Amino acid sequence: MRFSKTFIPTLKEVPGDAVIPSHILMIRAGLTRMLSAGIYSFLPIGYKLIRKISDVIREEMNAIGGQEFHLPALNPKEIWEQTGRVEAFGDTLFHIKNRDYVLAPTHEEIMAFHAKGALKSYKELPQIWYQIQTKFRNEPRPRSGVIRGRQFLMKDAYSFDVDFDGLDKSYEAHDQAYRKIFVRCGLKYFIVGASSGAMGGSKSEEFMLKSDAGEDTVAYCSKCGYAANVEVASSIIEPIKREEKSKEIYEISTPNVKSIDELCEFLKINEIQCAKSRIYIHDNVPVLILMQGNEEVNENKLNSFLGGTVRPAHPDELKEITGADAGSIGPVGIKMRIIADLKLKDRNNLFSGANKNDYHIGGIDFTRDVKNIEYADLRFAQSGEKCGRCNSKLEVFKAIELGHIFKLGTKYSESLGVRYLDEHGQDHPIVMGSYGIGVERILACFIEQNYDEKGILWNEHLSPFDLHLVGLNLKNNETKNAAENIYKELTQKGYDILYDDRLDETAGVKFNDADLIGIPIQIIVGEKNLKEQSVEVKIRETGERIKIKLDELKNKIAELLKK
Ligand code: ATP
Ligand code: MG
């Protein structure tokens, strides 16, 4: 492809609204342009990459027997009401004014609609149906470029089976296909699994990637592969020893001290000597939760520990419940259920609130001064703590979801009446699975993992072209002829080449664009080297430059691209 005839509007400057590397580089390298918040256009080389990724996905989906569909994005609202998902999606669902349509954020309903009455017999099952199609979600505050678009391309697949054993097999096939897809796309991913243990087992796995652009925080062990959202992740913590002697309990006047920081400052103590109090309302009954001063309550863990409905008490409820406002609440003498995090287990010489504004209590011994205290893991796992599975060190970081496989079970077939007849003529709901991958997200995440200060670093897994041919000073006939010949010959050899044939751009502009666009191998044709019948080959990632004789170029390129 000739640069002069291709729309590749590269930019020197960082676009104003872009903050994460992939967003900045996709705009600067001319892959995308923003139309409106969360809505992006793909330009020729950006779209070329989207097609390459889609092809990889398609090949792996076809390899497990997937059949490609193309469903409408515009859906009658009625069918979404039947499954309760107009409400479940809430503001994320785009509605069409004046008519009862929605723009589909995913396609479980529509695939189930087509399966209904069409897959009548066990003989027609199993099936895997998929598509690569545009989805619409009114994401609040989309700031990460195409990683979180309001319109985005998803590969969504759905499996239809006679029973849960069948579903297990379809799920397993997708699990394997997904691993292959992400490996082929060159992504360093990990898997976060979740099993709800509900009847029929609604197992799911998320394929995730470490990225500051992510909105999930996960704990990950690179040794054994344990990975979990910090909302559920557990870690091994060293028990904190009791101090040798328990002090007498004593009250301290702490005027205007409202936070743990202020308390530590005022008493010249460390946060870890404090028991931080939080009141929650569990099924209408107050509960006191105690955390070590530097830790926050993990509400997800609290919810699973307590069951039922749990919410933090409102500030204006606190005084009535405890006699004090937030900042002066504590466990001594309080009459309610008390649950403390494991880090506080059997500790002594602790500080906490006195349930009286502007007073705290010191010398608290949980084994002596607080009766019927329960202990539970209520904290967030942190980097450096030990992995509960293999004892090695956990890392906690932001991550982003690339794909998701999910055992739906019969939720949609029940609500939409998707049933089949077994060999005895008995009818049953079809058992479904659903499996999604964000296509643009793969592209952006690849860039998140492969860039440097000059631009993108494509590699053998993913690149818009095999080679970037840079012709310098093409107004000179000799260089022009040499560059054109190389372009022609290597194209005939089957290489896909971006040929910078622009007449009026300087060498500096061409070099910068080549580094920004980031094709792994650059062939630079210039007067000086041509005098010695040579060209220069630059390896984009390392910056290494190799002088190569014209008649050895083909072999050298073949060698380099094989590596
Ligand atoms: P997230 O937690 O990131 O919002 P999700 O759980 O809503 O993702 P799914 O409904 O499981 O995502 O969709 C399947 C896949 O579609 C995701 O794994 C992701 O790769 C992609 N995806 C989801 N939302 C977006 C979006 N707003 N922009 C781009 N890709 C998206
Ligand atoms: Mg989402």
Side-chain angles (χ1 to χ4, degrees), residues 20 22-23 26 32 34-42 46 49-50 53-54 56-57 61 73 80 83 85 88-94 103-111 130-158 171 174-175 177-179 181-182 185 187 189-194 202-218 227-231 398-408 411-412 432-449:
I20 64 165
S22 59
H23 188 192
M26 286 175 81
T32 53
M34 187 173 95
L35 176 63
S36 160
I39 308 181
Y40 289 85
S41 300
F42 275 82
L49 287 156
I50 290 294
I53 295 167
S54 301
V56 170
I57 296 176
M61 286 306 300
W80 285 84
T83 58
R85 289 222 291 180
F89 269 99
D91 290 341
T92 310
L93 193 64
F94 279 109
L103 288 175
T106 174
H107 278 93
E108 279 81 3
E109 278 78 357
I110 310 308
M111 282 294 192
Y130 79 96
Q131 61 171 343
I132 298 176
Q133 201 249 22
T134 303
K135 304 284 184 269
F136 298 86
R137 293 184 187 179
N138 193 10
E139 302 278 3
R141 303 177 305 280
R143 277 159 309 173
S144 307
V146 301
I147 282 185
R148 187 168 296 284
R150 287 190 166 134
Q151 161 170 345
F152 60 96
L153 203 56
M154 194 202 289
K155 186 288 298 172
D156 46 324
Y158 307 86
Y171 181 90
H174 280 87
D175 183 69
Y178 274 40
R179 289 167 198 257
I181 290 167
F182 297 129
C185 290
L187 295 170
Y189 70 94
F190 60 92
I191 297 174
V192 175
S202 64
K203 194 179 168 196
S204 76
E205 275 171 327
E206 291 174 348
F207 292 75
M208 313 272 303
L209 177 136
K210 182 175 174 177
S211 161
D212 288 337
E215 291 183 7
D216 291 316
T217 308
V218 298
N229 198 298
V230 279
E231 286 173 3
K398 291 260 177 229
I400 188 145
E401 181 190 312
L402 289 168
H404 190 188
I405 58 178
F406 190 62
K407 292 185 182 176
L408 289 177
K411 175 176 153 64
Y412 294 91
M432 286 177 65
S434 117
Y435 317 89
I437 291 183
V439 181
E440 293 113 325
R441 206 176 265 192
I442 289 186
L443 178 57
C445 285
F446 179 94
I447 298 173
E448 288 290 317
Q449 291 188 331

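When a ligand or atom number is given, it counts from 1 through the structure's own listing order. It should be emphasised that the depicted structure is a prediction, and the values quoted were computed from it without experimental measurement. Counting begins at 1 with the first residue of the sequence.
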Next item on the list: Starting from atom 13 (O) of ligand 1, find the nearest protein heavy-atom neighbour and note its residue, name and distance.
Entry: Met154 CE, 3.5 Å

Margin query: Only heavy atoms of His404, strictly under 4.0 Å: list the atoms of ligand 1 that pass.
Written below: 11 (O)

Check: Which option out of Gly438, Ser204, Ser144 puts a heavy atom nearest to atom 15 (C) of ligand 1?
Finding: Gly438

Item checked: Sub-4.0 Å atoms of ligand 1 with respect to non-hydrogen atoms of Gly403 -> 18 (O)

Checklist line | Option set Glu206, Lys135, Arg137, criterion heavy-atom distance to atom 9 (P) of ligand 1, minimum | finding: Arg137

Note to self: At under 4.0 Å between heavy atoms, is it the side chain or the backbone of Arg441 that contacts ligand 1, or both, or neither?
What the structure shows: side chain

Notebook entry, point to check: Relative to each other, are the rings of Tyr40 and His23 parallel, tilted or perpendicular (30° and 60° limits)?
Noted result: perpendicular

Item checked: Arg137 side chain to Pro105 backbone, donor-acceptor under 3.5 Å -> yes

Note to self: Which of the numbered atoms in ligand 1 are under 4.0 angstrom from any heavy atom belonging to Leu402?
What the structure shows: 18 (O), 20 (O)

Margin query: Does the plane of the ring in Phe89 sit parallel, tilted or perpendicular to the ring in Trp80? Use 30° and 60° as the thresholds.
Written below: perpendicular

Notebook entry, point to check: Can Gln131 and His107 be counted as having a side-chain donor-acceptor contact under 3.5 angstrom?
Noted result: yes

Notebook entry, point to check: Short list, please: which atoms of ligand 1 are under 4.0 Å from a heavy atom of Gly149?
Noted result: 26 (C), 27 (N), 28 (N), 29 (C)

Next item on the list: Identify the protein heavy atom lying closest to atom 30 (N) of ligand 1, giving its residue, its atom name and the separation to 0.1 Å.
Entry: Phe152 CD1, 3.3 Å

Note to self: Does only the side chain of Thr106 get under 4.0 Å from ligand 1, or the backbone, or both, or neither? Count heavy atoms.
What the structure shows: neither

Note to self: I'd like to check the salt bridge (Lys or Arg N to Asp or Glu O under 4.0 Å) partners of Arg150; sequence neighbours left out, ordered by chain and number.
What the structure shows: none

Note to self: Side chain, backbone, both or neither: which applies to Arg150 and ligand 1 if a contact is any heavy-atom pair less than 4.0 Å apart?
What the structure shows: neither

Next item on the list: Using a strict cut-off of 4.0 Å, indicate which atoms of ligand 1 neighbour a heavy atom of Glu139.
Entry: 24 (N), 26 (C), 27 (N)

Margin query: Is it the case that the ring center of Phe207 lies less than 6.0 angstrom away from the ring center of Phe182?
Written below: yes

Next item on the list: Have a look at Glu440, Gln151, Arg148, Glu215 and point out the one with the heavy atom closest to atom 4 (O) of ligand 1.
Entry: Arg148

Check: His174 vs Tyr178 aromatic rings, parallel, tilted or perpendicular, using cut-offs 30° and 60°?
Finding: perpendicular

Item checked: Short side-chain donor-acceptor distance under 3.5 Å, Ser204 and Glu206 -> no

Next item on the list: Indicate whether the side chain of Tyr435 and that of Lys407 have a donor and an acceptor atom separated by less than 3.5 Å.
Entry: no

Next item on the list: Measure from the side-chain N and O atoms of Arg148 to the backbone N and O of Arg143, and report whether any donor-acceptor pair falls under 3.5 Å.
Entry: no

Notebook entry, point to check: Taking the non-hydrogen atoms of Ile442, is any one of them nearer than 4.0 angstrom to ligand 1?
Noted result: no

Notebook entry, point to check: What part of Glu401, side chain, backbone, both or neither, has a heavy atom within less than 4.0 angstrom of ligand 1?
Noted result: both

Check: Does Ile147 have a non-hydrogen atom less than 4.0 Å from ligand 1?
Finding: yes

